Amino acid sequence: MPIRFYNTLTHKLEEFVPLSAGSHAADPFLGAHVRMYTCGPTVYDYAHIGNFRAFLFADVLRRYLELRGARVRQVMNMTDVGHMTDDQVADGAGRDKLELAVERMRESKKAGQALVENPNDPYQVAEFFIMAFLEDARALGLAVVADRDQAASETEKERIMPRPTRHIPEFIGQIQDLLARSHAYVGDDGVVYYDVGSFANYGRLSGNSIERLSHGAGGRTNQLAAKRHPADFFLWKPDPTHLMRWPSPWGEGYPGWHVECSAMALTILGPSLDIHTGGEDNIFPHHECEIAQAEGATGKCFARFWMHARHLMVNGEKMSKSKGNFFTIRDLTEQGYDPLVIRWALIRSRYRESLNFTLPSLREAAEAIASLRDLAEKTSLVVTGVDEAAGEGDFVPFGAAPAPHEPPLEKADAAMLDEFNRAMDDDLNTSAALAALFTWADPLSKQKKIAYPQARSALLALRRVDHVLGVIFAPLRPLPAALQHQIETLMEQRNQARREKDFARGDQFRARLAELGVEVTDTPSGSRWRPRLAPA
RNA sequence: GGCCGGAUGCCCGAGCGGACUAAGGGAGCGGAUUGCAAAUCCGUUUUUCGUGGGUUCGAAUCCCACUCCGGCCUCCA
């Protein structure tokens, strides 16, 4: 089955074929190597759910390609150089955003919250938010962070989630290449500018033309005397007073903000990528400029596919800081929502549709996940019992491709996977893929008893789809030991009350447990509890 | 001003010319079951796809107009 993605570059759906296909003629994805670059977060503040929607879209894309048998090398940057507040004039005016973060930090230190040792040090501030980002991203199951965590060395980690401040020499190298190939020039003001007129394809990605850019009513291009064209943007700006600055052939200063991704992607992944992803707001100017830089410097096609996630809305409105309607992951987990619920809510509909985020949608997500996790538990219990008895304790290969010794799936399970794949092949139609999953899961969930062969097959099928979804087998947040103990005591007290037929007292304990975020169910074999995925 | 998307049943969300009295998820209400719950079952909120025209044997799906919402046009994922 061919995979089709919407390619922003060509403005249409296209069949996706990896540049380095595998050796299986029948299926280009088996054993293929896919190189993918994901525009990551800026780290002068906590990332919010809107940012994570874009990262999770890339994660689902990557995991789906893995499910189809490809090996994906994904790189995601963490932008630790300060973009400028007045970047809209493309000339590096205004204040450095990292400088503003430093100021916020200094103020919060005054207020008694010492988040970093030295709030005047931009590197410490960036480091703080990088750590916060990694923590949130782990909780949400971003595979690229797992790659990083498992990397053997600091150098290897840096090649998976690079930070621009550690790659300045490469930026300078790229700028030199652009100067050498006459795509850039040094203006009378000493600033190095990209010459958009020298790159014929400038505007292809965003559907802009250079004329329109300079004449549109909203166009904020800025004619500086030093620039050849108003749309020219800066690559290096000498400024010996800037907060973060590095030596360069053009004087001490700082790089333009489009340089980082093109330079890091090229040095880490090579001149041609399979896929480059980001949020829709990256299309212009960021990705447009990246293409101009990378292709200007190498003369080769930079990325075959450009894929962009639409923006997340909150309660029907655009999310923005001025409206105060944005959530961070920690805002939501503190309210009692499990990160898996957030993951589900952000991936359950297709990346190219704008998604409206609401708290009720998190509750929906909790219910949906719970039913799938219940099915996973039900089938696991059967399989574990039998396989342990048969001395096959090491069963359950967790991963995308089926293990060689794996038995064939039952017909219904294979059919579900086919349908799941067919939906995902259609430009990652996750809604339709989930429909296939639930349609299949429903009768199994209702079945009172599942025999071993059926349970084993169903479990394998669930593990495959969960390689993409990442919410069925992922562990829940661990409970603090003290809380765990408290819960068990309350359970015992409740059981005691129920044994004495004092149901009123028993129900009080259940209410207490509910307040602790625990849900109790009574079964013929005794009472059980489990953490709620969303607050009551 | 220019260029793009979108409007689907109580809510969310697939479908994009016939299998649609619309997949799937969630919610409400009534009943069965339960000490009470949870889960499950039965019934219900649903001949309905923003509005008005048109094309067609046939339209949620194509065309035109209108209304509303959202995005981009050098801050943003």
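Scope of the values below: all heavy atoms of this structure, side chains included, with no hydrogens, waters or symmetry mates. Reminder, nothing fancy here: chain letters follow the sequence lines and each chain counts from 1. Given the structure is predicted, the values throughout are model-derived calculations rather than measurements.
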Subject >> Candidate nucleotides C73(B), A77(B), G24(B), ranked by approach to the side chain of Ala435(A) - the nearest >> reply: G24(B)
Original post:
When you compare A19(B) with G58(B), how far apart are their P atoms, in angstrom units rounded to a whole number?
Top reply: 15 Å
Original post:
Counting N and O atoms only, with roles assigned by atom type, does the side chain of Arg373(A) sit under 3.5 Å from a partner on the main chain of Val471(A), one being a donor and the other an acceptor?
Top reply: yes
**OP:** Mind checking side chain to side chain contact (heavy atoms under 4.5 Å, CB included) for Asp136(A) and listing every partner two or more places apart, or none if nothing turns up?
**Re:** Phe52(A), Ile329(A), Arg330(A)
Subject >> Which nucleotides of RNA chain B pair, in dot-bracket form (Watson-Crick or G-U under 3.5 Å, | meaning another strand) >> reply: ((((((((.[[[..)..(.....]]]((((((.......))))))....[[[[[..)....]]]]])))))))....
Original post:
Less than 4.0 Å between a side-chain N and a carboxylate O, is that true for Asp59(A) and Arg62(A)?
Top reply: no
**OP:** Write down the distance between OH (Tyr202(A)) and C1' (C73(B)), rounded to a whole number of angstrom.
**Re:** 11 Å
**OP:** Check whether any side-chain nitrogen or oxygen of Asn356(A) sits under 4.0 Å from OP1 or OP2 of G13(B), and answer yes or no.
**Re:** no
Original post:
Separation of Asp374(A) atom CG from A39(B) atom C1', in whole Å?
Top reply: 9 Å
Subject >> Sugar-phosphate, base or nothing in reach of Leu437(A), heavy atoms under 4.0 Å >> reply: nothing
Subject >> Aromatic plane relationship, His286(A) with Trp257(A) - under 30° parallel, 30 to 60° tilted, over 60° perpendicular >> reply: parallel
Subject >> Minimal non-hydrogen separation, Tyr6(A) against Met307(A), with atom names >> reply: O-CG, 3.7 Å
Original post:
Does Ser431(A) place a side-chain N or O at less than 4.0 Å from the phosphate oxygens OP1/OP2 of G13(B)?
Top reply: no
**OP:** In whole angstrom, give the distance that lies between atom CG of Asp427(A) and atom P of A14(B).
**Re:** 12 Å
Subject >> Ala231(A), nearest nucleotide to its side chain (from G13(B), U74(B), A77(B)) >> reply: U74(B)
Subject >> Nearest-nucleotide 5' precedence on RNA chain B, Asp426(A) against Phe52(A) >> reply: Asp426(A)
**OP:** Measure from the side chain of His311(A), starting at C-beta and using heavy atoms only, and say which of A38(B), G5(B), C72(B) lies closest.
**Re:** C72(B)
Original post:
Please give, in whole Å, the distance from G71(B) P to His308(A) NE2?
Top reply: 17 Å
**OP:** Name the nucleic acid region contacted by Glu519(A), choosing base, sugar-phosphate or nothing; use a 4.0 angstrom heavy-atom cut-off, strictly under.
**Re:** nothing
**OP:** Decide salt bridge (charged side-chain N to carboxylate O under 4.0 Å, His left out) for Glu15(A) and Arg4(A); before the verdict, give the C-alpha distance in whole Å, the side-chain angles of both, and the deciding distance to 0.1 Å.
**Re:** CA-CA 4 Å; Glu15(A) 182 175 347; Arg4(A) 283 150 58 87; over 6 Å; no
Original post:
Phe438(A) has a side chain; which of U74(B), G25(B), G15(B) sits nearest to it?
Top reply: G25(B)
Subject >> Candidate nucleotides G15(B), A77(B), C12(B), ranked by approach to the side chain of Glu364(A) - the nearest >> reply: C12(B)
Subject >> Parallel, tilted or perpendicular: rings of Phe133(A) and Phe55(A) (30°, 60°) >> reply: perpendicular
Original post:
When the ring planes of His287(A) and Trp306(A) are compared, do they come out parallel, tilted or perpendicular, using 30° and 60° as the limits?
Top reply: tilted
**OP:** Return the nearest nucleotide to the side chain of Arg310(A); candidates are G70(B), A23(B), A77(B).
**Re:** G70(B)
Subject >> Any residue meeting side chain to side chain contact (heavy atoms under 4.5 Å, CB included) with Asp195(A), in chain and number order, not counting sequence neighbours >> reply: Tyr185(A), Ser198(A), Arg228(A), Asp232(A)
Original post:
Picking from A77(B), G26(B), G24(B), which would you name as closest to the side chain of Glu367(A)?
Top reply: G26(B)
**OP:** Calculate the interatomic distance between Phe233(A) atom CZ and C73(B) atom C1'; express it in whole Å.
**Re:** 16 Å
Original post:
Can a side chain N or O of Thr358(A) be found less than 4.0 Å away from OP1 or OP2 on C11(B)?
Top reply: no
Subject >> Residue closer to the 5' end of RNA chain B, Arg350(A) versus Ala436(A) (nearest nucleotide) >> reply: Arg350(A)
Subject >> Nearest-angstrom distance, C1' atom, C72(B) to C11(B) >> reply: 29 Å
**OP:** Would you mind building the protein contact string for nucleotides 28-35 of chain B? One character per nucleotide, 5' to 3', B for base within reach (heavy atoms under 4.0 Å), S for sugar-phosphate only, - for untouched.
**Re:** -------B
**OP:** Give me the one residue out of Leu269(A), Leu142(A), Ile160(A), Val144(A) that meets side chain to side chain contact (heavy atoms under 4.5 Å, CB included) with Gln74(A).
**Re:** Val144(A)
Original post:
What distance separates Glu103(A) CD from Leu98(A) CG, expressed to the nearest 0.5 Å?
Top reply: 11.5 Å
Subject >> Separation of atom CD in Glu377(A) from atom P in A39(B), rounded to whole Å >> reply: 15 Å
**OP:** Would you check if the side chain of Lys378(A) reaches a backbone N or O of Leu444(A) as a donor-acceptor pair within less than 3.5 Å?
**Re:** yes
Original post:
Can you name the closest pair of heavy atoms from Ala461(A) and Asp413(A) and give their distance?
Top reply: CB-CB, 4.0 Å
Subject >> Sorted by number, the residues of residues 273-281 of chain A with heavy-atom contact under 4.0 Å to RNA chain B >> reply: Gly278(A), Gly279(A), Glu280(A), Asp281(A)
Subject >> P atoms of C66(B) and G24(B), separation to the nearest Å >> reply: 38 Å
Original post:
How about Arg512(A): does its CZ atom have over 12 heavy atoms from other parts shown lying under 6.0 Å from it?
Top reply: no
**OP:** With the side chain of Thr521(A) defined as its heavy atoms from C-beta on, choose the nearest nucleotide among G15(B), A38(B), G13(B).
**Re:** A38(B)
Subject >> Whole-angstrom distance between A59(B) and C64(B), as gauged at atom C1' >> reply: 15 Å
Subject >> Nearest-angstrom distance, C1' atom, G1(B) to G18(B) >> reply: 43 Å
Subject >> G6(B) and G43(B), which share atom name C1', separated by this distance in whole Å >> reply: 36 Å
Original post:
Just wondering, are more than 12 heavy atoms of other shown residues or ligands nearer than 6.0 Å to CZ in Arg528(A)?
Top reply: no
Original post:
For atom C1', what is the distance between C12(B) and C57(B), given to the nearest Å?
Top reply: 36 Å
Original post:
How many Å lie between CG on Leu100(A) and C1' on C76(B), as a whole number?
Top reply: 14 Å
**OP:** Might you point out which heavy atoms bring Glu290(A) and His276(A) nearest each other, and give the distance in Å?
**Re:** OE1-CE1, 2.8 Å
Between the protein and nucleotides 40-46 of chain B, which nitrogen or oxygen pairs come in under 3.5 angstrom?
from: C41(B); atom 1: OP1; to: Lys446(A); atom 2: NZ; distance (Å): 2.5

Original post:
Roughly how far apart, to the nearest Å, are A27(B) and C20(B) at atom P?
Top reply: 26 Å
Original post:
In whole angstrom, what separates Trp306(A)'s CH2 from A77(B)'s C1'?
Top reply: 14 Å
Original post:
Given the rule in the salt bridge (charged side-chain N to carboxylate O under 4.0 Å, His left out) test, do Arg530(A) and Asp374(A) qualify, once you have shown the distances and angles that lead to the verdict?
Top reply: CA-CA 11 Å; Arg530(A) 64 177 180 188; Asp374(A) 285 348; 2.5 Å; yes
**OP:** Pick base, sugar-phosphate or nothing for Ala368(A), based on heavy-atom distances below 4.0 Å to the nucleic acid.
**Re:** sugar-phosphate
